[in-house]
Amino acid sequence: MPGDESLPPYLASLNPEQLAAVRHEGRPLLILAGAGSGKTRVITTKIAWLVRERGYDPESILAVTFTNKAAREMRDRAASLEPACARAVIRTFHSFGAWFLRRNAAAAGLDSNFTIYDDDDQATLLHGALPQYARNECSRIVQSIARAKDFGLEPDSPDLSRAFSDPAMRRVYAIYEERLRATGNVDFGDLIRLPAKLLSGDEAIRRRTRQRFRVILVDEYQDSNVAQFELLRLLAGAGAPGEGGDRLPVPPAYVCVVGDDDQSIYRFRGAEVKNILSFPELFPGTEIVRLERNYRSYQSILDVAGDVVSHNEGRLGKELRAERRGGRPPRLSLLEDQDEETRFCARICEERVKAGGKWGDVAILYRTNAQSLSFEKEFPRRGIPYRIVGALRFYDREEVKDLLAYLALLLNGKDEVAFKRVVNKPSRGIGETSVEALCAAALDPELGHGGDLLSASAAEADNLRGRAKSGLREFLSVVKGLRAALGLIAAPGAEAAASTRAGDEPAPPDASTSASPDGATRAPASAQPEDALRDSPPLDARDRKKAGMKPQGEGSLGDVVERLARDSGLLEYHRGQDEVAGTQKAANVDELVNAATLYPRSAEGLAEFLETIELDRSLTAEESTADAVTLITMHNTKGLEFPVVVATGIEQGLFPRDDDEGEELEEQRRLFYVAITRAKDELHLTACRWRRIHGRLFETLPSRFLKEIAPDKLEFAGAGAGGQGRAGGSGLAAQGGQLSSAGRLGGRQGAHPGGGAGGYPGGGAGAGAARRPGGPAGKAAEASPWRAGQAVYHEDYGSGVIIKVQPTPNSGPLVVVRFETGKQAQFFPKFSTKLEPLRG
DNA sequence: AGTGCAACTCTTTTT
DNA sequence: GAGTTGCACT
């Protein structure tokens, strides 16, 4: 639109494409927003514009993102443009799903106080149902089940093979589902799948929902999976070729999705790039706006990013142009090993600060979390403050999870996973046998406990022996006291706290909702009122803190958690552990108590507290504002930017992995693209010649991605081993040539055992020879029987074939063998007597 | 039932 | 290297 009118200030600074995206309305809109193109600004401004200029009720606007952080930022920024936007529903996909299910719990067959199982809980649940599968097998199966749910597949879906290769898994999936439904809880996949099921199966809910949400915005759309697409389609009431065309008297909602196909990096979690690639076909009449002006990086950095991603096929096509011309080319440093890489990174941080910058200007990026370790060791030594994003999660700690499990059990006595976790914690003499008996009793239809383990425990306690019996009684009395404190059951000798369930319909006198002999009541399974969806969304902990909210009245949830820590004996137990092991467990317990003080002391407060934690597990105690270097995985950097970025470990075998090919390889390339485009001013890339993986040393080559960059767009810094300086400072093109040949080798590493060092321009003959006792690499390689493709025989496993060979510094080659049985194993032929090569 | 030791698997990436 | 599992012993 031409600037022929005077724009209100909040629109005036937008560029023409951004303005067009903001002021678009009507048909579906796809905004292709390149990295750093002001995407969040466009979405938030668009929300404000719809409310202000187009008269939309903020509550009729639904905006979904993929991370809690993005949702928070979007909420804050929209509200700062237009205060009424605070009433819009701006959430992550999963948090929206939870919100929706709580309001339609009965129809979905759930407890309204359901909790959300993480992958660990899922594995525990499955292991309980099918003990013949080992615990770690259960973890893997459960991952596949999650994947199936991402694809929107049910146990009886015909194309379930998309998630499982083993047909026996169909039954396992079905059993898992049955067991999960018995707990009344959900897993992450359910948060998407169940709302979609409700919407497609229940016309009243569908109508109500569509009447409410007239605008649907999706951020990071390239990361959506099949189930999320389904949900979007049902919410919108459009884009359904065929079946979605129901006869509701509600026109389709206005749908606007924003994304960047080049930044799709969650395929492993079920994300479908196809969703964004084919959006225009799935939502007929779609209009596309491209945001290609990058306000973040120098052109020199974008050039590199562009080179890399141009090697992918199947893109919508987009070229980022920097508003900041020029800049120094990114620098590639080929280093000897991880220690040198660590020191290299430290030096970059130190130099930045010496030059007047801040620690916080620098981010160190890596592919896997394990790589953070060497930085964590070295940085404190050198006095470099750092912050690790994503790892070391507070809520994953043993002691914290124990307390959370107790809390979940208070809300829902059918929570088998929580029950098993805490019934004997600290040790009360209740062994596995007793626990299994109690679970069986709870699920036995004849006994009528309806899966409620607390009720079953109370009834069965007498059938246990000695210590188990008294221990269980003890446990039950702790639980009972806490339930009373929450107002879930009438407190003995106190005023009926049950009536303080604020804001909810009064609990019906329906006898079926009251099961436990100790008087525990389950949440009422009553129908939801028509306008249930009118509730404004609950605030999360950060919002609460910011608003200085403290629960009024009769104390906070913190009191309950504190009492739980004391009564259960866990606090005392952990104090003891801390003394023995020098840990901080008791302090973590305090921390959790502290977090809970922001919530009211009620069943609702507790459910909200748990949900916040379950959905935002990255939440650290306090977003520290201290100036510190950021240590972060490449995945976690999406949406962030830093003046200085060091992307480490750009090595073949690590990034990409040797077995990455096809779609997966393209995804890794996109991940590299994301990493590169985080840098505003300065970008460094590092690759080590020796890399320690699983505590073992491997010789590596620079990543094949590096040779995809035109040599003149990178600056090369040599190996610099022992501070010897750069390798051949002249002729970048020549070095690029060497690198290219390295890349070729890298792609076929298995066929060139011991020949890896050729990729390192700075390596020099001396250093290389010293590390290869066998003399010239080529010769040694030809003499060796350990080559990929070689047939072998193993005393225990039979015959197989070598699929990969990795040189190591001291142990000779490491060979990976796939046996005819399908088993895969690695050996050091130097040490193993059981493996021998077969003559072809 | 709980402890201690040896062996084994695993690694991407996260809502 | 780490975390977990399985087994034997107390």
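Bear in mind the structure is a predicted one, so any value in this text is a computation, not a measurement. Within every chain, numbering begins at 1; the chains are lettered A, B, ... in the order of the sequence lines, protein sequences first and strands thereafter.
Side chain of Thr633(A), nearest nucleotide from dT13(B), dT15(B), dG2(B): dT13(B). With dC10(B), dT15(B), dT13(B) as the candidates, the nucleotide lying closest to the side chain of Arg140(A) is dC10(B). Between dT15(B), dT14(B), dT9(B), one nucleotide has an atom nearer to the side chain of Asn136(A) than all others, and that is dT9(B). Among dT11(B), dT14(B), dT15(B), the nucleotide with an atom closest to any side-chain atom of Phe188(A) is dT15(B).
Look at Asn225(A) and you won't find any side-chain N or O under 4.0 angstrom from OP1 or OP2 of dT15(B). Between Ser427(A) and dG2(B), a side-chain N or O to OP1/OP2 separation shorter than 4.0 Å is present. Phosphate contact (OP1/OP2 of dT11(B), side-chain N/O of Asn369(A), threshold under 4.0 Å): absent.
Separating the CZ atom of Arg428(A) from the P atom of dG2(B) is a distance of 12 Å, rounded to the nearest angstrom. Atom-to-atom, CG of Leu640(A) to C1' of dT13(B) comes out at 15 Å; the value is rounded to the nearest Å. Atom-to-atom, CD1 of Ile265(A) to P of dT13(B) comes out at 13 Å; the value is rounded to the nearest Å. Distance Met634(A) CE to dT14(B) P: 12 Å, rounded to the nearest Å. What separates CD of Gln143(A) from P of dT15(B) is a distance of 15 Å, to the nearest Å. Asp121(A) has its CG atom 15 Å from the C1' atom of dT15(B), to the nearest Å. Rounded to an integer number of Å, the gap from CG of Asp150(A) to C1' of dT13(B) is 14 Å. Protein atom CD1 of Ile430(A) is 10 Å distant from nucleotide atom P of dA1(B), rounded to whole Å.
Heavy-atom distances to DNA chain B give each of Asn424(A) and Glu664(A) a nearest nucleotide, and the one nearer the 5′ end belongs to Asn424(A).
Rounded to the nearest Å, the gap between the P atom of dT13(B) and that of dT4(C) is 16 Å.
Within 6.0 Å of the CD atom in Glu664(A), the count of heavy atoms belonging to other residues, nucleotides or ligands exceeds 12. Within a 6.0 Å radius of NZ in Lys401(A), other residues, nucleotides and ligands contribute more than 12 heavy atoms.
At a threshold of 4.0 angstrom between heavy atoms, the contacts of Phe655(A) with the nucleic acid are absent. Nucleic acid contact for Gln371(A): none, since no nucleic acid atom lies under 4.0 Å from a heavy atom of the residue. If you check every strand for non-hydrogen atoms under 4.0 Å, Arg692(A) touches nothing.
Ring-to-base geometry places Phe268(A) in a stacked arrangement with dT13(B) (centre distance under 5.5 Å, plane angle under 30°).
Between atom CZ of residue Arg670(A) and atom CD of residue Glu667(A) there is a gap of 5.0 Å, rounded to the nearest 0.5 Å.
Across every non-hydrogen atom of Ile116(A) and Ala98(A), the tightest pair is CD1-CB, 4.5 Å.
Under 4.0 Å is where a charged nitrogen must lie from a carboxylate oxygen, and between Asp150(A) and Arg269(A) no such pair does.
Between His635(A) and Phe268(A), the ring centre distance stays below 6.0 Å.
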